[in-house]
Amino acid sequence: MKQKLETLLQHVIASLKSEGILDQEIMPKINIERTKDAKHGDFATNLALVLAKPAKTNPRQLADKIILLLPEDSLVSKVEIAGPGFINFFITADSQFQIIKQIHDGGQNFGLSQIGNGKKVQVEFVSANPTGPLHVGHGRGAAYGSAVADLLHAVGFDVSKEYYVNDAGRQMDILATSIWLRYLEECGEVVVFPSNGYRGEYIRDIAFNIHKNSGNEYRHPVELVTEDIPADEPQGGDKELHIDALISRAKTLLGQSLYRDLFQAGLTVILDDIKDDLEEFGVSYQEWFSERSLMEDNSIKDALNRLDTAGYIYEKDGATWFASSQLGDEKDRVVVRDNGQSTYFASDIAYHMNKLDRGFDQIINIWGADHHGYIPRVRAAMRALGADESKLKVLLVQFAILYRGTEKVPMSTRSGEFVTLRQLRSEVGTDAARFFYVMRKSEQHMDFDLKLATSKTNENPVFYVQYAHARVCSVLRQLDEKGLKRNLNLGMDNLDKLTESHETALITLLSKYPETLEKSALQYEPHQLIHYLRDLANSFHTYYNAHQFLVDDEAVRNARLNLICAAKQVLSNGLSLLNINTPESM
RNA sequence: GUCCCCGUAGCAUAAUUGGAUAAUGCAAUCCCCUCCUAAGGGAUAGAUUGGCGGUUCGACUCCGUCCGGGGACGCCA
């Protein structure tokens, strides 16, 4: 429809030029929009406002001229000038009704498009360290990331969802050591647990199982474990030095093989738990990408070599640095520490090189907002690797700040005090959790009041939308109980009987679904789809209360049934895309 | 201190990315089941879009500045 109007306006511009009102060189961007208010017709253009200046006239006069030059078209019933010079288009009712047929024919594919043109897109999200269960902050990233990916898929991109597993590095060493210390407690040793260790209950569970299965295999007397270890912070020492010493003690006492077993046991249990958690949350991945694999197959070395060849690597203070400040970063960054270990950033350079090598046209990283300072250095790395930097898109998700009533809930994985995604799901349900998370713009700070979310009231908007769907199903059951049959063709032949204001409002809204989907996807804003679905549900509920569908007049009845079935189809398509259930009854 | 994000009715969020009278849900007041689930609907009230300047036909949106909230500034990940 928009395209149709656009070609009509192209003709007008050509005429304006040939009449000498406009200069030949001017190539205005034709902007056609949906109107907010039905009084303003269906579509509007600001063309006259934009061209008034170059045409050296006032907008309303120019609008007059434009309408005069506008070719006749069977779809357009009326054209008006309004406000400062907007041109409003009214579409004929007949062409509006077509959408009901289109929805019926399209079924669950209605609204999908091919504008992505099969371009390869990778979306990486959540990627939480496997050092503990996912918490509600990760939940937001999971809901948002999967929604963005699924929307892109729906509009024709070839999407691959990926989780980057940080299964290497110091945090994982801290995890392994924490497990070992808890294990020693299981063995009966009396251990003073480090303040910087992971204190969560799940660590004890893992330790308990290791002890159950392997007995005292990993046991060493606590005196040997703590001998000559620098003091922890509560004892007036440094917690970082303390934990690092404990890590290296664990490695020495256990030896490489046993240490690795312990490390692997922890990683497997926690990662499996994360996978289950996400799957239950309706989030699936094509790829779980291991950071450790980048070390084992020399990817990190290769990446650093490439940076070196490009002239961006130097040595200083015993460490290896990447000269990212030459490429837009604030300062240079260490990639190999003076102890020979590569940094997390080095892994990430290799990871992004790997992504590029896999041939993605677009790489989307969804990160927590605390990582925003990290973006310039990754961009610098991509530039140094000679990649097209515009391929990388980083979307930031603000934290969800939890409240219990007015009380702020403190959260830190390390302290062991956090609300897990699992707890949230079991309290409010998976549908509601997903809906809530995605309802807000991602960069918006989000206050999540657990009391409110857990109070099982009808404040939950997800019920509102689902109920609209269930109501249509209910009407169809009633139809059946009355011994009536739906006559699809009769309904389609009588769509012109849908003249009530509630009906035209609903039809107009339905016709907006494809463009809403497209915008949501291309702008990475699933909340737009949620808002649309809420509007649609509202429009349906209003209609439901105002009119009876199962009327005696067979023609009207079937026309109305076709309309509400179209609404049901669109509700179902939208909710399914967001992985939210569409109940037949509630 | 430097940098980034945010500030919209009492609360939580929208606003077709610079468009027309700033929208929706909760909360408040009133009304609607002899009727397809009232987990619904209708009506009323509620806003100087944090403040002040600027850009233009037109600003919640862009620029400047100030105020307030959050975050980032490691040889951690």
- Would you say a side-chain N or O of A/Lys331 is under 4.0 Å from OP1 or OP2 of B/G74? yes
Protein N or O to nucleotides 31-35 of chain B N or O, pairs below 3.5 Å:
residue, atom, partner, partner atom, Å
B/C35, O2', A/Gln548, OE1, 3.4

- Task: Could you measure between the two P atoms, the one in B/C67 and the one in B/G58, and give it in whole Å?
- Result: 30 Å
- Task: Classify the side chain of A/Asn46 versus the base of B/G19 as yes if they form a donor-acceptor pair under 3.5 Å and no if they do not.
- Result: yes
- N/O (side chain, A/His527) to phosphate O (OP1/OP2, B/A15) under 4.0 Å: yes
- Under the criteria of a ring-centre distance below 5.5 Å and an interplanar angle below 30°, is A/His40 stacked with the base of B/A20? yes
- Query: P atom, B/C73 versus B/G10: distance in rounded Å?
  - Reply: 36 Å
- Item | Annotated protein contacts, base or backbone, on nucleotides 58-63 of chain B with a non-hydrogen cut-off under 4.0 Å, one of B, S, - each | ------
- Note on the structure: By salt bridge (Lys or Arg N to Asp or Glu O under 4.0 Å), A/Asp329 pairs with (sequence neighbours left out) A/Arg333
- Item | Residue-phosphate contact under 4.0 Å: A/Arg534 side-chain N/O, B/U24 OP1/OP2 | no
- Under 4.0 Å between a side-chain N/O of A/Tyr464 and OP1 or OP2 of B/G41, yes or no? yes
- For nucleotides B/C31 and B/A12, find the distance between their C1' atoms and express it as a whole number of Å. 27 Å
- Using a strict 4.0 Å threshold on nitrogen-to-oxygen distance, state whether A/Lys78 and A/Glu80 make a salt bridge. yes
- Under the salt bridge (Lys or Arg N to Asp or Glu O under 4.0 Å) rule, collect the residues that match up with A/Asp173, sequence neighbours excluded. A/Lys251
- Using the salt bridge (Lys or Arg N to Asp or Glu O under 4.0 Å) rule, collect all pairs that involve residues 542-563 of chain A, keeping only residues at least two apart or in two chains. A/Glu503-A/Arg560
- salt bridge (Lys or Arg N to Asp or Glu O under 4.0 Å) against A/Glu296, all qualifying residues, sequence neighbours excluded: A/Arg260, A/Arg292
- Message: Please report the distance separating the P of B/U49 from the corresponding atom of B/A20, rounded so that it comes out in whole Å.
- Response: 14 Å
- Pairs flagged by side chain to side chain donor-acceptor pair (under 3.5 Å) wherever residues 477-488 of chain A is involved - sequence neighbours left out: A/Arg486-A/Asn562
- Message: Tell me whether the side-chain N or O atoms of A/Asp167 pair up with the base of B/A77 as donor and acceptor below 3.5 Å, since no angle test is needed here.
- Response: no
- Note on the structure: For A/Lys355, the salt bridge (Lys or Arg N to Asp or Glu O under 4.0 Å) test, sequence neighbours excluded, returns A/Glu124
- Can you check whether A/Phe86 stacks with the B/A20 base, using ring centres under 5.5 Å and planes within 30°? yes
- Looking at B/U17, does its base get a donor-acceptor pair with the side chain of A/Gln523 below 3.5 Å? yes
- Can you tell me if the side-chain N/O atoms of A/Gln478 get under 4.0 Å from OP1 or OP2 in B/U37? yes
- Message: Determine whether a donor-acceptor pair (one donor, one acceptor, N or O, separation below 3.5 Å) exists between the side chain of A/His541 and the base of B/G41.
- Response: no
- Query: Which pairs count as salt bridge (Lys or Arg N to Asp or Glu O under 4.0 Å) when at least one residue sits in residues 506-530 of chain A, sequence neighbours excluded?
  - Reply: A/Arg34-A/Glu515
- Item | Distance, C1' atom - from B/G69 to B/G25, rounded to whole angstrom | 24 Å
